[in-house]
Number of protein chains: 2
Amino acid sequence: MGVTITENQPVERRKKIAKILEEKANGLCPVHDFLIHFANKWSMLVVLNLGYAGSPRFNELKSRVSGISQRMLTVTLRSLEEDGLVTRQLYPEIPPRVEYQLTPLGKSLLDVMMGLGEWAAKHEAEIAKARKKFRSRHAD
Amino acid sequence: MGVTITENQPVERRKKIAKILEEKANGLCPVHDFLIHFANKWSMLVVLNLGYAGSPRFNELKSRVSGISQRMLTVTLRSLEEDGLVTRQLYPEIPPRVEYQLTPLGKSLLDVMMGLGEWAAKHEAEIAKARKKFRSRHAD
DNA sequence: CGGTATCCTTGGAGATACTG
DNA sequence: CAGTATCTCCAAGGATACCG
């Protein structure tokens with residue numbers, strides 16, 4: 001009882017981080033492997049918009065994800081599909097209809113993405129302020 | 001009372017996502033703005049390792065972040081410093097000693113990063129399996 | 001030790017045109 | 001409608017050499 005819970009928190013945290021950063025057989029840690037496929041401009045935005053829209057069609061999604069090109073939406077969706085995060089449902093009508101949807105795995109990712117998104121929304125102004133300050137201090 | 005809590009969850013979720021994806025004055029939503037500075041190969045790994053190591057020196061950090069080059073560690077640290085997530089403490093000794101540390105803002109980001117990291121660690125195998133399956137189905 | 005300064009390569013991503 | 005197919009470009013990032 002000589003150690004309080006608050007003093008234990010950093011220890012627990014370090015253990016968790018250690019597990020996340022532990023190298024696997026391929027020489028990469030889980031995060032690194034994740035980033036290789038996910039550190040890009042559009043994946044997170046597409047996941048969030050799929051979470052919002054439910055089962056949107058291709059062009060529905062395209063108009064929702066502001067600024068994305070047709071090509072990059074295709075590429076991003078294929079990548080998400082490959083990772084098992086998204087399903088692609090084709091209805092062979094004329095003209096064809098295609099609906100995209102998050103898998104259960106994709107929805108679980110959506111939850112942590114929302115955590116990141118909420119952090120970004122909450123601290124946006126603070127970061128902008130820090131940047132401005134940094135630049136004024138390093139301006140020559 | 002006609003609507004259960006579980007039926008309300010998607011509604012609440014949509015509200016949250018809507019807020020995250022809401023466009024600001026600069027024409028970007030918080031997530032998009034965040035990604036512009038953060039969707040890269042190293043930032044997340046550096047934040048996690050700073051969370052693990054506490055106040056590491058430059059080369060300490062370099063040896064911890066497996067695979068990073070000296071240049072990219074410098075670039076990444078400067079970017080994190082600019083965003084107010086990391087402090088750089090120089091001790092003017094000979095040879096010089098420099099310690100990096102997460103700011104309170106950086107620590108709050110660490111928490112959500114850990115959420116993402118734990119997700120990645122937990123579902124790594126499932127994703128690898130999905131990829132393999134996808135490739136075998138699309139092999140011609 | 002903790003960086004800069006260059007040079008160079010690669011692939012992420014945009015623009016445009018075409019198609020089942 | 002929902003994509004391919006190309007072409008192109010630029011910047012992220014790696015390699016190497018030098019420096020206070």
Side-chain angles (χ1 to χ4, degrees), chain A residues 27-28 31-47 49-50 53 55-83 86-101 134 138 140, chain B residues 27-28 31-47 49-50 53 55-83 86-101 134 138 140:
Chain A
L28 297 175
V31 174
H32 205 150
D33 189 44
F34 173 83
L35 288 172
I36 287 174
H37 294 261
F38 228 83
N40 62 65
K41 201 169 169 181
W42 298 113
S43 292
M44 182 173 170
L45 286 167
V46 168
V47 168
N49 275 288
L50 280 169
S55 311
R57 301 176 61 169
F58 185 87
N59 280 326
E60 221 171 316
L61 198 52
K62 182 171 183 308
S63 64
R64 281 203 56 82
V65 183
S66 143
I68 198 169
S69 67
Q70 194 172 38
R71 183 178 120 77
M72 287 318 295
L73 181 55
T74 303
V75 169
T76 304
L77 283 169
R78 287 287 177 282
S79 166
L80 294 172
E81 200 192 344
E82 180 170 355
D83 290 351
V86 162
T87 55
R88 177 181 186 274
Q89 179 69 8
L90 165 69
Y91 299 92
E93 309 165 354
I94 294 180
R97 181 161 58 98
V98 181
E99 285 182 2
Y100 291 92
Q101 207 173 162
F134 184 93
H138 293 74
D140 15 81
Chain B
L28 296 175
V31 174
H32 204 149
D33 188 44
F34 173 84
L35 287 172
I36 286 174
H37 294 261
F38 229 83
N40 62 66
K41 203 168 168 182
W42 299 113
S43 292
M44 182 172 170
L45 287 168
V46 168
V47 168
N49 275 288
L50 279 169
S55 312
R57 300 176 62 168
F58 185 88
N59 280 325
E60 220 172 316
L61 198 52
K62 183 171 182 307
S63 66
R64 281 203 57 83
V65 183
S66 143
I68 199 169
S69 66
Q70 193 173 39
R71 183 178 118 79
M72 288 317 296
L73 181 55
T74 303
V75 169
T76 304
L77 284 169
R78 289 286 178 282
S79 165
L80 294 172
E81 201 192 341
E82 180 170 356
D83 290 352
V86 162
T87 55
R88 177 182 186 274
Q89 180 69 8
L90 165 68
Y91 299 91
E93 308 164 355
I94 293 179
R97 181 162 57 100
V98 181
E99 286 182 2
Y100 292 91
Q101 205 172 162
F134 184 93
H138 293 74
D140 19 77

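Atoms considered below: every heavy atom in the structure, side chains included; atoms not considered: hydrogens, waters and symmetry mates. First the proteins, then the strands, lettered A, B, ... as listed; each starts at 1.
Boundaries of the chain A contact region on DNA chain D are dC1(D) to dT6(D), first to last in 5' to 3' order (nucleotide atom under 4.0 Å from a heavy atom). Scanning DNA chain C 5' to 3' for nucleotides with an atom closer than 4.0 angstrom to a non-hydrogen atom of chain A gives a first and last hit of dA13(C) to dG20(C).
Partners of Arg64(B) by side-chain contact (heavy atoms from CB on, under 4.5 Å), not counting sequence neighbours, listed by chain and number: Leu21(A), Asn49(B), Tyr52(B), Ala53(B). For Ser66(B), the side chain to side chain donor-acceptor pair (under 3.5 Å) partners two or more places apart in sequence, or in a different chain, are Glu23(A).
Arg71(B) comes within 4.0 angstrom of a nucleotide base, judged by non-hydrogen atoms across all strands. Counting any heavy atom pair closer than 4.0 Å across all strands shown, Gln70(B) reaches a base atom. Counting any heavy atom pair closer than 4.0 Å across all strands shown, Lys62(A) reaches no nucleic acid atom. Using a 4.0 Å heavy-atom criterion, one finds that Tyr91(B) contacts no nucleic acid atom at all.
Judged as a side-chain hydrogen bond (donor to acceptor under 3.5 Å, both in side chains), the pairs with a partner in residues 31-46 of chain A (not counting sequence neighbours) are, in order, His37(A)-Arg131(B), Asn40(A)-Ser43(A). Listed by first and then second residue, the side-chain hydrogen bond (donor to acceptor under 3.5 Å, both in side chains) pairs involving residues 70-82 of chain A are Glu82(A)-Arg135(B) (not counting sequence neighbours).
Rounding to the nearest 0.5 Å places CG of Leu28(B) at 5.0 Å from CD1 of Ile36(B). Between atom CG of residue Leu77(A) and atom OH of residue Tyr100(A) there is a gap of 5.0 Å, rounded to the nearest 0.5 Å. Distance check, rounded to the nearest 0.5 Å: CG of Leu45(B) to CG of Leu73(B) gives 11.0 Å. Between Asp83(A) atom CG and Phe34(A) atom CZ the span is 9.0 Å, to the nearest 0.5 Å.
Ranked by how close their nearest DNA chain C nucleotide is to the 5' end, Pro96(A) and Asn40(A) are led by Asn40(A).
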